[in-house]
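First up is the structure itself, then whatever we jot down about it.
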Amino acid sequence: MAVSSSSCGLLIVLVGPSGVGKSTISRALAQQLNVWYTVSVTTRTLRPNDEKGKAYDHVTKEEFFRRLDDDQYLEYAQVYGDYYATPKHPALDHLQAGQDVLLEIDFQGAMQVRFHYPQALLIFIVPPDEGTLLQRLNDRARDSAEEIQKRFRAAKREIHMAKGSHAFDHIVINDNLQHAVEEIEKIIRHKHAGGI
Ligand code: 5GP
């Protein structure tokens with residue numbers, strides 16, 4: 001489906017490494033703007049502090065792949081051993097109805113969106129510096145030391161690729177939540193006004 005006509009909503013994609021603050025930024029944006037925030041499907045099992053992060057539709061691997069075979073996803077990826085996907089229809093229906101749609105996904109999923117929906121607004125969020133990211137990964141007190149190192153290495157790789165790829169329309173530094181949210185709001189308003 002084409003999502004480029006002026007009556008369509010804007011497909012806004014927030015991307016960034018684990019621990020950069022995407023969920024917090026997405027929630028703040030969803031409260032302040034008239035955007036529809038997608039609920040992703042995942043094979044990841046529930047975590048104790050999940051209610052503080054992004055809400056998911058948790059499914060088995062069998063169900064995940066049944067839906068994939070049924071062409072139900074707008075994009076999907078395997079991230080840290082689990083599968084994640086954005087359900088296609090709710091997102092496209094909202095876009096067609098003129099509603100902006102906000103996705104919070106990983107780098108691989110963003111590349112699929114860029115390919116299939118070139119008019120989407122892709123924003124990559126980076127930490128102010130590597131030390132801050134490592135601190136944030138540690139502060140979440142969620143992962144083992146080995147898992148934190150894995151995510152930290154992956155984050156450095158992703159940031160490097162994002163800066164070199166030209167696939168993203170904007171790179172926003174999350175040094176301060178309010179500033180990052182205000183900057184993204186400005187980018188969205190500018191895009192609605194016909195800018196890049
Ligand atoms: P977590 O399980 O920690 O909430 O998320 C792990 C990673 O999966 C994060 O980078 C998050 O952005 C990404 N992710 C969450 N939902 C989706 C989705 O629907 N599609 C893709 N491609 N990645 C997702």
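Atoms within a ligand are numbered from 1 in the order they appear, just like the ligands themselves. Just so it is clear, the values below take in all heavy atoms, side chains as well, and ignore hydrogens, waters and symmetry mates.
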State the atoms of ligand 1, each with its element, that fall below the 4.0 Å cut-off from a heavy-atom position in [X].
X     : result
Thr86 : 19 (O)
Lys22 : 9 (C), 10 (O), 12 (O)
Ala77 : 22 (N)

With a heavy-atom distance limit of 4.0 Å, tell me whether [X] approaches ligand 1 through its side chain, its backbone, both, or neither.
X      : result
Tyr56  : side chain
Val79  : side chain
Gln108 : neither

- Query: Going by atom types only, do Gln112 and Gln108 share a side-chain donor-acceptor pair under 3.5 Å?
  - Reply: no
- Query: Got a salt bridge between Glu147 and Lys150, using NZ or NE/NH1/NH2 to carboxylate O under 4.0 Å?
  - Reply: yes
- Message: Tell me whether Arg67 is salt-bridged to Glu63, with the criterion being a basic N under 4.0 Å from an acidic carboxylate O.
- Response: yes
So is [X] touching ligand 1 or not, going by heavy atoms under 4.0 Å?
X     : value
Arg47 : yes
Lys54 : yes
Ser18 : no

- Could you say whether the N/O atoms of Tyr84 and ligand 1 ever approach to under 3.5 Å? yes
- Spacing of OG belonging to Ser40 relative to CD1 belonging to Ile105, to within rounding of 0.5 Å: 8.0 Å
- Task: Determine the interplanar angle of the Phe107 and Phe168 rings, folded into 0 to 90°, and report it as parallel if under 30°, tilted if 30 to 60°, perpendicular if over 60°.
- Result: tilted
- How are the rings of Phe64 and Tyr73 set to each other: parallel, tilted or perpendicular (split at 30° and 60°)? tilted
